[in-house]
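None of the values given here were measured: they were computed from a predicted structure.
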Amino acid sequence: MSQLTTTIAPARTLSLRKLCLNSLIISGAVLWMLPVLVAAWVAMHPVSAQGGFSLFAPLTLQNFINAWHAAPFGRYFINTLLQVLLIVVFQLVLATMAAYALVRFRLKGGGIIFSLILLQLMISPDVLILNNYQTIGALGLRDTLLGIALPYFASAFAIFLLRQTFKSIPLVLEEAAIVEGASRFYILRKIYIPLAKPVYVAFALVSISFHWNDFLWPLVIADSVNVRPLTVGLQLFSAPEQGVQWALIGAGTLMTSLPLLILFLVFQRQFVQSFMRAGIR
């Protein structure tokens, strides 16, 4: 009897700890979701019902319709999509070539070169806005999608992740391919890139999320609707001359965030597994 009591006591303690941990996680998730929930409540209720909180207030989708027609959201979505795709494609291509060169080529001062690349991680992009603005202006790329994307083409984080992944790939695979007459590009395309696919997926999701939500640099460099992304377009709803239109801001925010939410839900498992298996080593 005493042995049974001794066995039940640790089980109860473990169950209590698990309950406390789950409660803490749920509370943190609710706090994290609170701004999104507030935006959803504001967006789905008429302006007349937003003076206070009521569970029985009438629901409406009119705010989404008004937000869509208040600004050229279709153009903003296309601009943002093209901008993000341009950045991510160039980042992956350049990072792949740089990481392969750092791992497999015997470069003089390779360690110094890699240290200089990592130095970029310690510099906030906002610090370089003035220099980037002068450079983009000198190239005649102001108010263009290429001008918005160009400063982000080289990613030190992508180079770091791919370099660490390429280092873990056995050299014997490359040597066997060279004996068979394979070129460096063929080896990179058929061996290294497929084995590093989890890292590509993880970094692409992080990069898409960051550049989809980027605001300050596009605000500085974009002047016209033809290149203005979603984040910059949302500021129209908070213009001082019009007053802050919370209903339109909430609806516009949800429409802007929806593609990222869908993308994360679709690739959630791959995203988590990528960083668990092929993250920082």
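Taking a 6.0 Å sphere around CZ of F215, one finds it holds more than 12 heavy atoms contributed by other residues, nucleotides or ligands. In the displayed structure, F185 atom CZ is contacted under 6.0 Å by at most 12 heavy atoms of other residues, nucleotides or ligands. Annotation for I112: atom CD1 does not count as buried by contact number, only 12 or fewer foreign heavy atoms lying within 6.0 Å.
The backbone N or O of A154 sits less than 3.5 Å from a side-chain atom of Q120, completing a donor-acceptor pair.
Hydrophobic clustering of Ile, Leu, Val, Met, Phe, Trp and Tyr side chains at less than 4.5 Å, counting indirect connections, unites L258 with M255. No continuous path of ILVMFWY side-chain contacts below 4.5 Å connects I78 to L230, so the two sit in separate hydrophobic clusters.
The OG1 atom of T165 lies 9.5 Å from the CZ atom of F160; values are rounded to the nearest 0.5 Å.
Judged by distance alone, the side chains of Q83 and N79 never bring a donor and an acceptor atom under 3.5 Å apart.
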side-chain hydrogen bond (donor to acceptor under 3.5 Å, both in side chains) assessment of R104 paired with Y192: CA-CA 11 Å; R104 293 302 181 228; Y192 285 86; 2.4 Å; yes
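Ring planes of Y76 and F73: perpendicular class, angle over 60° (limits at 30 and 60°).
Among the candidates L146, L150, T144, the single residue satisfying the side chain to side chain contact (heavy atoms under 4.5 Å, CB included) test with L139 is L150.
Here F90 and Y152 keep their ring centres 6.0 angstrom or further from each other.
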